[in-house]
Amino acid sequence: MSRNVSSSSVVIDNPSVKFSSAPERPPLRHLGMPSLRRSVSGTRRRARGETPRVLLLVPSYTRVVEPSPERSSFRALGLDTFEVMKRAGTPIGLLRIAANARLAGFDVRIVDSPFAGWEQERRLVDLGGGSSLVRYGLDDAQLRSLIEDFDPDIVGVQCIYTVQWGNARALADLIKDIDPGIVTVTGGAHPSGDWQYAVPDSPFDHVVINEADQTFTALLQALTDPDGDLDAVPGIAYRRADGAVVRTTARSPYMRILPKRQGLDERLGMMPLPDFGMLDMGQYEQAYHSSGKRVRDHGSWAQIFSTIGCNVGCDFCYIPMVNGPWRALGTDWFDLHLAEIRKQGVTEVLIEDDHLLHDPLYAMRVFELLRKHDLPWVEEGGLSLFNLVLLHLGEKFAAEMDDAERRNPNFRNILAAMRSGLTCRDLIKAMADGGCYSVYLAVESANEDSLVESGKPRLNAFQQATGEIVEMFTEYGIQVTGGFMLGFVNPPERPGGEPYIESLEQIEKTIDYAVTLMGHGMAYANPFIVTPLPGTKMWDFQKDYVVRHYDNGWSHEKATMATEKWTAEDIERMRLELLVRANGPDKVTEMVRRGTWPVDA
């Protein structure tokens with residue numbers, strides 16, 4: 001692979017695809033054609049004084065269903081089948097880009113395929129050995145019908161998860177079957193991180209890389225304006241006629257949102273309020289959401305956000321790349337956001353902020369607004385345990401930290417909050433007073449080496465402090481789901497050195513940690529397997545350990561890698577061991593029956 005980099009673009013002359021979806025899937029029919037540089041139908045609509053039509057889709061999803069591993073804790077419970085959980089939620093990313101596109105004069109429709117056909121499940125692909133991909137969501141006939149009925153000029157397909165890439169590219173193939181002149185666009189975490197391969201590996205004409213709020217609208221305008229210049233759109237990639245992949249700018253632009261310097265109108269111009277009226281909110285009235293049982297028996301639930309981005313920079317996480325640095329949207333913006341979703345019948349929310357506690361004092365004001373609008377809430381994005389630990393241990397501990405650790409920019413706002421008199425107990429009480437009933441606590445590992453090698457503060461491994469924090473949450477009526485990560489694989493500190501591969505013995509310590517925290521009142525322990533994600537700092541190193549394709553190895557519930565210390569099956573057995581030892585047989589059995597975390601409010 002060669003790169004010819006100019007001042008404004010990146011060109012990959014002969015991209016070769018190493019990883020893709022299951023080879024058992026039907027081959028795609030529309031690979032390799034040059035990307036459409038113009039929407040002919042959209043341009044014609046403009047010429048007639050009509051509005052170009054844009055359809056935004058979440059593809060129907062798949063999950064692996066297979067025999068549970070031999071000699072595993074599941075087998076000991078009589079659970080002979082292992083099923084990856086169903087995961088989906090309100091498509092806030094599509095709502096964000098739709099808001100900007102509508103302001104720019106486009107007719108936009110959103111279809112959330114997994115939820116529109118949530119109860120429709122069927123086997124899609126036989127993977128062999130008793131394993132299969134089960135599809136849930138709208139089927140191809142239903143998707144074809146709604147696409148034909150809307151008659152779009154441009155279709156955007158979201159792909160947040162690498163494990164769902166096979167479904168996104170198959171949907172693009174279906175769209176090209178309907179009309180090869182429809183311009184197809186994809187975006188989200190996977191194509192953003194894997195853009196150089198996502199372009200040749202799919203029928204998508206364009207990939208929008210990283211934050212898409214402004215870029216997607218600029219792309220729509222370039223595609224439907226007779227004088228539009230595709231190469232002037234920042235942060236996209238496409239196929240040239242010679243097969244080369246072009247990225248228009250080496251770096252992607254991120255919105256500069258600064259509540260202290262920008263008025264509300266300016267921020268609303270960059271980040272308009274998502275219009276939940278574009279969704280069928282009746283699809284989100286189930287008694288259970290992805291974090292467990294709801295507290296309200298009426299109305300719908302919705303994922304929302306009060307801040308975007310994250311600055312922590314963990315090597316295994318692609319959020320800083322895709323969503324950019326941490327930015328507050330402003331409590332005035334968030335106040336309007338909550339008022340609008342209440343009008344749409346939303347009665348409780350899941351907070352999806354990438355780093356809710358980056359600025360604890362700002363977060364306290366967010367909690368007050370959630371109480372003002374009477375919206376019980378779940379924190380689902382993952383609370384930064386290291387910030388809570390530092391806040392709990394207080395200034396005496398902070399004073400004893402070495403200078404390098406103390407100067408960690410991720411601690412700056414915590415230290416400022418601490419100096420203002422805020423304690424960990426104050427923060428947790430404010431969450432409870434604001435209506436929080438459940439949190440996802442990003443514990444991750446009992447091993448300081450695993451954390452530090454991945455760019456994560458070591459404080460997550462402080463077990464006594466973490467146990468006390470869990471007790472505080474429980475005292476205030478907030479249920480804690482602890483998130484754990486197993487199987488870290490990190491590059492050597494210097495060239496020629498030994499890589500860091502977490503041993504099975506170290507993973508046992510994390511299992512013990514989860515069991516210990518259950519003793520402190522944690523409601524549920526949720527273990528995930530470290531997965532090489534395209535676009536992360538770990539990707540180029542970890543991909544050499546990959547043993548599975550996207551469909552059956554990138555769910556975080558299935559192992560993707562194998563090393564000289566353990567096999568993929570070893571790690572999967574360890575994950576099931578943690579599930580059963582920490583949560584107990586009854587909760588695990590209920591999780592399998594329900595298909596979601598057994599956390600009941």
Side-chain angles (χ1 to χ4, degrees), residues 6-11 30 32-57 94 96-110 147-158 171-187 191 195 198-200 202-253 255 269-270 272 278:
S6 70
S7 60
S8 60
S9 64
V10 177
V11 179
H30 298 277
M33 299 298 293
S35 295
L36 297 177
R37 298 182 64 88
R38 180 84 63 236
S39 169
V40 174
S41 61
T43 305
R44 286 175 181 164
R45 285 193 208 274
R46 278 199 186 281
R48 296 194 299 262
E50 300 173 3
T51 304
R53 296 180 182 178
V54 180
L55 178 61
L56 300 177
L57 292 169
L94 294 186
R96 281 169 55 175
I97 65 173
N100 270 305
R102 289 174 80 180
L103 283 179
F106 292 88
D107 180 6
V108 186
R109 181 182 177 188
I110 299 176
I147 293 167
E148 291 176 341
D149 287 347
F150 186 61
D151 188 24
D153 306 302
I154 299 160
V155 177
V157 178
Q158 170 183 286
L171 179 52
D173 212 44
L174 175 66
I175 295 164
K176 291 295 187 180
D177 268 350
I178 295 169
D179 182 354
I182 297 175
V183 180
T184 52
V185 183
T186 189
W195 60 269
V199 172
S202 74
F204 287 111
D205 293 300
H206 304 282
V207 169
V208 177
I209 302 170
N210 301 337
E211 191 174 76
D213 300 79
Q214 310 287 307
T215 299
F216 183 66
T217 298
L219 174 60
L220 296 180
Q221 291 169 329
L223 289 168
T224 58
D225 187 326
D227 299 319
D229 181 3
L230 194 69
D231 291 302
V233 179
I236 65 168
Y238 64 88
R239 281 182 306 281
R240 275 194 330 212
D242 63 0
V245 174
V246 178
R247 176 172 177 168
T248 56
T249 48
R251 293 189 178 184
S252 295
M255 291 179 290
M270 288 187 288
M278 298 184 71

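Judged by distance alone, the side chain of Asn100 and the main-chain N or O of Gln214 form no donor-acceptor pair under 3.5 Å. Remark: side-chain polar atoms of His206 are paired, donor with acceptor, to backbone N or O of Leu36 under 3.5 angstrom. A donor-acceptor contact shorter than 3.5 Å is absent between the side chain of Thr184 and the backbone of Lys176. Using a distance-only test at 3.5 Å, with no hydrogens or angles considered, a donor-acceptor pair links the side chain of Glu211 to the main chain of Met255. Checking side-chain atoms of Thr186 against main-chain N and O of Val157 turns up a donor-acceptor pair under 3.5 Å.
Nearest approach of Val108 to Ala101, heavy atoms of both residues: CG2-CB, 3.8 Å. In plain terms, the two heavy atoms of Phe204 and Ser35 that are nearest each other are O-OG, 4.4 Å. Heavy atoms only, all atoms of each residue included: Val155 and Ile182 are closest at CG2-CG2, 3.6 Å. The nearest pair of heavy atoms linking Ala222 to Val233 is CB-CG2, 3.7 Å. Of all the heavy atoms in Ser39 and Thr224, the pair that sits closest is CB-CG2, 4.2 Å. Here the closest heavy-atom approach between residue Ser252 and residue Gly235 is recorded as OG-CA, 4.2 Å.
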Requested in this report: Check the pair Ile154 / Leu219 against side chain to side chain contact (heavy atoms under 4.5 Å, CB included), numbers first and verdict last.
Outcome: CA-CA 10 Å; Ile154 299 160; Leu219 174 60; over 6 Å; no
**Report entry** Residues Tyr238, Asp231; criterion side chain to side chain contact (heavy atoms under 4.5 Å, CB included); working and verdict
**Finding:** CA-CA 10 Å; Tyr238 64 88; Asp231 291 302; 2.5 Å; yes
Query - Full working for side chain to side chain contact (heavy atoms under 4.5 Å, CB included) between Gln158 and Leu56 - result: CA-CA 8 Å; Gln158 170 183 286; Leu56 300 177; over 6 Å; no
Query raised in the report: Do Asp107 and Phe150 pass the side chain to side chain contact (heavy atoms under 4.5 Å, CB included) test, and can you show the C-alpha distance, the side-chain angles, and the key distance before you say yes or no?
Result: CA-CA 10 Å; Asp107 180 6; Phe150 186 61; 4.2 Å; yes
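By the neighbour-count criterion of 12 heavy atoms within 6.0 Å, atom CE of Met33 is sparsely surrounded, having that number or fewer from other residues, nucleotides or ligands.
Ile209 CD1 to Trp195 CH2: the interatomic distance, rounded to the nearest 0.5 Å, is 5.5 Å. Put simply, CZ on Arg53 and CZ on Arg109 are 10.5 Å apart, with the number rounded to the nearest 0.5 Å. Taking NE2 of His30 as the start and CG of Leu174 as the end, the distance is 8.5 Å to the nearest 0.5 Å.
Residues Leu230 and Leu223 are in side-chain contact: their nearest non-hydrogen atoms beyond the backbone lie under 4.5 Å apart. Looking at heavy atoms from C-beta onward, Pro152 lies out of side-chain contact with Val54 at the 4.5 angstrom threshold. In this structure, Asp213 and Met270 have side chains that are not in contact, with every pair of non-hydrogen atoms separated by 4.5 Å or more.
For Thr215, there are no side chain to side chain donor-acceptor pair (under 3.5 Å) partners, not counting sequence neighbours.
Classification of Arg38 and Asp205 as a salt-bridged pair fails, no side-chain N sitting under 4.0 Å from a carboxylate O. Salt-bridge annotation for Asp153 and Arg46: absent, with no side-chain N of the basic residue lying under 4.0 Å from a carboxylate O of the acidic one.
Under the salt bridge (Lys or Arg N to Asp or Glu O under 4.0 Å) criterion, the residue pairs touching residues 232-247 are Arg240-Asp242, with sequence neighbours excluded.
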